[in-house]
Structure formats: C-alpha cells, structure tokens
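Written out below as structure tokens is the structure these notes cover.
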Protein chains: 2
Amino acid sequence: MSRPSARDAILDAAQRIAAERGVSRITLEEVARESGLSKGGLLYHFPGKEALIQGMLERLISHTSAVREANEQALVGERHRTLRSLLATRSSDEVLNPHVVTAVLAAAAEQPALLDPLREHIAGVRQQIIHEAGDDPLYWLLWAAADGLLLQEVLGIAPHPAEQRDRVHQRLLDLAEELLQ
Amino acid sequence: MSRPSARDAILDAAQRIAAERGVSRITLEEVARESGLSKGGLLYHFPGKEALIQGMLERLISHTSAVREANEQALVGERHRTLRSLLATRSSDEVLNPHVVTAVLAAAAEQPALLDPLREHIAGVRQQIIHEAGDDPLYWLLWAAADGLLLQEVLGIAPHPAEQRDRVHQRLLDLAEELLQ
DNA sequence: ATAACTATACCAACCAGACGGTACAGTTAC
DNA sequence: GTAACTGTACCGTCTGGTTGGTATAGTTAT
C-alpha cells in the first residue's frame with residue numbers, strides 16, 4: 001500500500017458522515033466523495049458496503065478494547081481486574097461516537113452476522129473474567145449494567161438526565177467495589 | 001373504522017415479516033401483501049412508512065407498559081412499586097420480539113425523532129419513580145441494568161449464555177430487594 | 001540497462017433493480 | 001352517501017455494484 005492510511009481515511013469519512021449528516025447518508029458515493037476517492041477506489045479497499053460497516057465495527061472494537069486494556073494496567077495485581085476495567089471503561093465520544101454505534105446497529109439489523117466479530121470479542125473477555133474469578137451471575141449483571149448505561153446513552157433513552165450520567169456511573173463502580181471482593 | 005383491527009392486522013404483518021424475512025423486507029408492498037390489503041389500503045391507514053414504524057413502536061410501548069402495570073398491581077402497598085415492577089418486567093417474546101425492536105432501532109438510526117414517544121414514556125415513568133421514592137442514582141443504575149439485560153439479549157451480545165439469563169435477571173431482582181429500603 | 005511484465009491503487013460511466021409515494025377510477029359495506 | 005377500501009399503473013430517485021480502463025511503482029529477464 002502506497003498510503004497505508006487509505007482505509008483509515010475512508011473509515012474516518014464514513015464516521016464523519018454519520019455524525020454530521022446522519023446514518024442514512026452513509027452511502028458508497030457519499031463516503032467516496034467525503035474521503036476524496038472515487039467510488040471505484042473506495043470499492044477497491046472495501047469490496048462492498050458490508051465490508052465497510054464491518055471495518056467500522058472492527059475499528060470500534062479495537063479502540064474500545066485498547067482503552068479497557070489501558071484501564072486494566074492500572075489495576076495490576078488486584079482482583080477482578082478484567083471486570084473492573086470493563087466497568088470503568090466508558091468510551092470517549094471520539095472513540096465510541098453514538099452515531100457510529102448507531103450505524104453499526106442499524107446495519108446489524110439487516111445483517112445479524114455483522115456483529116459476529118463483536119460477539120467473539122465478548123466471548124474472549126468473558127473467558128478472561130471466568131479464568132480470573134470464576135462464573136457468577138453477578139459478574140454478568142454488572143456487565144449488563146455497564147452496557148445498559150452505554151446503550152441508553154447512545155440511543156438517547158436514558159431515564160436520568162445527562163448531567164447525572166457521571167453520578168450513575170460512579171454508583172456502578174462503587175457498587176462493584178462493594179460486591180466484588 | 002369499520003374494522004378497528006385493520007391497523008393491528010397491518011402491524012402484525014409488519015412484525016411477522018421482520019421476524020421471518022428480516023427487517024429490511026419491511027417494505028410497503030410486502031406489508032400490504034402480508035396483511036392481505038392492497039398498497040392503497042395500507043397507505044390509507046398509515047400515510048407513509050414512517051407512520052408505520054411509529055405505529056409499531058407505539059404498540060410496543062403500550063404492550064410493555066401494560067405488562068409492567070400488571071406487575072405493579074402485585075406490589076400494591078409496597079415501597080418502590082414502580083421501579084420494582086419495571087425491573088421485574090421482562091417482556092415476553094410475543095410482545096417484545098427482538099426483530100421488532102431491531103426494526104424500530106434500525107429506523108430510529110435514520111430518524112432519531114422516531115423514538116420521541118418512547119422518550120416521553122420513559123420520562124413519565126421516571127417522574128413516577130421520583131414521586132414515589134425521590135431521586136437516587138441507584139434507581140437509574142438499576143434501570144440501566146434491566147435495560148442492559150434486555151438490549152444485550154435483543155442484540156445478541158450478552159456475555160452470559162442464554163441458559164443463565166434467568167439467573168442473571170434473578171440476581172438483579174435480589175440485588176434490588178437488598179438495596180432498596 | 002532496458003524491455004516486459006505484474007500488482008497495486010485508483011477513476012469514470014453505466015446499470016438494473018428496488019423502493020416510497022402518487023394518482024385515480026372503481027367497488028363494497030353500513 | 002360516505003368511509004373504507006381495491007387495483008393498477010406509473011414515476012423519480014437512489015443505491016449498490018459491475019465493467020473496463022489508466023497510472024505508476026516495483027520486479028524480473030535478458
């Protein structure tokens with residue numbers, strides 16, 4: 001690859017479109033225009049729209065898991081490192097842009113298999129948690145709570161006002177601290 | 001309306017299509033065919049696709065909230081009735097079909113305002129909870145956990161296996177019992 | 001050294017199908 | 001007679017994807 005950043009440039013473009021113009025505007029032509037490529041050039045890198053969305057999801061996963069792993073470093077030696085780092089990780093808007101998540105979700109509605117890489121990733125983290133501390137419904141409940149906070153926010157269906165977000169999230173961390181020993 | 005069930009028949013058809021053939025197959029023509037109406041007749045009842053999706057969401061909300069309210073009846077006189085009934089309500093597949101939720105979510109990705117009725121409903125329940133027991137981040141956290149379980153399941157991204165679903169949910173109810181006093 | 005060849009990275013133009021929506025004339029049921 | 005349809009024909013637009021071609025850098029053979 002002469003410019004190894006071409007893929008990233010395309011993904012950035014798609015992300016920008018989702019955020020500024022709406023998820024429905026992520027069409028091959030618009031992404032091509034926004035990224036400065038022709039439609040043909042775009043399709044050279046991603047051989048179809050599905051591959052493009054797949055790419056967005058994969059980048060999402062790798063970024064988010066990088067943040068979590070960094071978080072985990074701060075917990076070295078402690079118990080429940082994986083789970084606690086998971087709960088603490090609330091992805092920044094830059095990494096986990098609601099519009100991007102929505103785009104992936106919308107695509108997944110028509111192509112459930114699209115989320116497979118995510119499912120694999122989840123399964124891996126689950127195994128890590130089990131290896132670390134066994135299998136307890138409590139763990140999955142805490143995980144669900146963290147996911148719930150995130151998804152509520154992304155979908156704009158949180159019952160609590162945005163200003164209380166941090167407080168609610170902190171409550172989750174406190175609760176985890178208390179329940180996990 | 002000569003047949004007050006026409007709307008419901010249409011909504012049922014759309015739901016069936018979503019479940020059996022995929023969300024993307026919810027087109028005006030297919031819904032008309034599946035419901036036994038002509039396209040003209042369909043458009044007579046729902047003046048556009050957006051209205052159709054809106055209708056699906058509204059029925060979803062009313063059914064789910066009916067289940068919750070029934071649940072609430074069983075808690076008459078107790079504290080935190082609204083919140084506890086909310087946590088206990090895990091909608092049946094017939095009411096809260098994953099495919100239907102996905103369909104609404106997919107549509108909402110392109111039309112965020114579509115979720116407004118849901119947001120209003122949420123705000124109402126929130127007010128009820130506050131009126132009942134005040135405003136505590138814990139309440140919204142528990143709610144988020146319940147939503148997380150539901151959304152994880154609907155999206156197929158739950159870390160726990162399906163067989164443990166009930167156990168995890170039960171853990172949520174136990175935890176709520178313990179924390180709400 | 002240089003001609004022949006290959007792989008990569010694109011571009012411009014086109015296409016076939018689908019979809020939402022309109023129009024409208026006619027029909028049925030109460 | 002009016003509300004609730006049927007049925008069909010049509011349209012404009014959008015979209016994903018294909019095709020066939022070009023430019024260029026690098027590699028190989030002689």
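So that the names make sense, note that chain A is the first sequence line, chain B the second, and so on, each numbered from 1.
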Counting side-chain heavy atoms from CB outward, which of [options] is closest to [X]?
X: B/H45; options: C/dC10, D/dC5, D/dG16; answer: D/dC5
X: A/S38; options: C/dG20, C/dA12, D/dG17; answer: C/dA12
X: B/L37; options: C/dA9, C/dG20, D/dT6; answer: D/dT6
X: A/A6; options: C/dC10, D/dT15, C/dG20; answer: C/dC10
X: B/Y44; options: D/dA3, C/dC10, D/dT15; answer: D/dA3

How many whole angstroms separate atom [atom1] of [X] from atom [atom2] of [N]?
X: A/L52; N: D/dG17; atom1: CG; atom2: P; answer: 10 Å
X: B/R33; N: C/dA18; atom1: CZ; atom2: C1'; answer: 13 Å
X: B/E110; N: C/dG20; atom1: CD; atom2: C1'; answer: 13 Å
X: A/E29; N: C/dA13; atom1: CD; atom2: P; answer: 12 Å
X: B/K49; N: D/dC14; atom1: NZ; atom2: C1'; answer: 14 Å
X: A/L28; N: C/dC11; atom1: CG; atom2: P; answer: 14 Å
X: B/L42; N: D/dA4; atom1: CG; atom2: P; answer: 15 Å
X: B/E50; N: C/dC19; atom1: CD; atom2: P; answer: 18 Å

Distance under 6.0 Å and angle within 45° of ring axis: A/R165 vs B/W140: no

For B/K39 and for A/R25, locate the closest nucleotide of DNA chain D by heavy-atom distance; then report the residue assigned to the nucleotide nearer the 5' terminus. B/K39

Any ion pair linking A/R81 and A/E78 (charged N to carboxylate O, less than 4.0 Å)? no

Given 3.5 Å as the limit, does a donor-acceptor pair link the side chain of B/R90 with the main chain of B/L150, or not? no

Consider only side-chain N and O atoms of A/Q170 and A/D166, and report whether a donor and an acceptor are under 3.5 Å apart. no

Determine whether more than 12 heavy atoms belonging to other residues, nucleotides or ligands lie under 6.0 Å from atom CZ of B/R21. yes

Using a heavy-atom cut-off of 4.0 Å across all strands, would you classify A/L43 as base, sugar-phosphate, or nothing? base

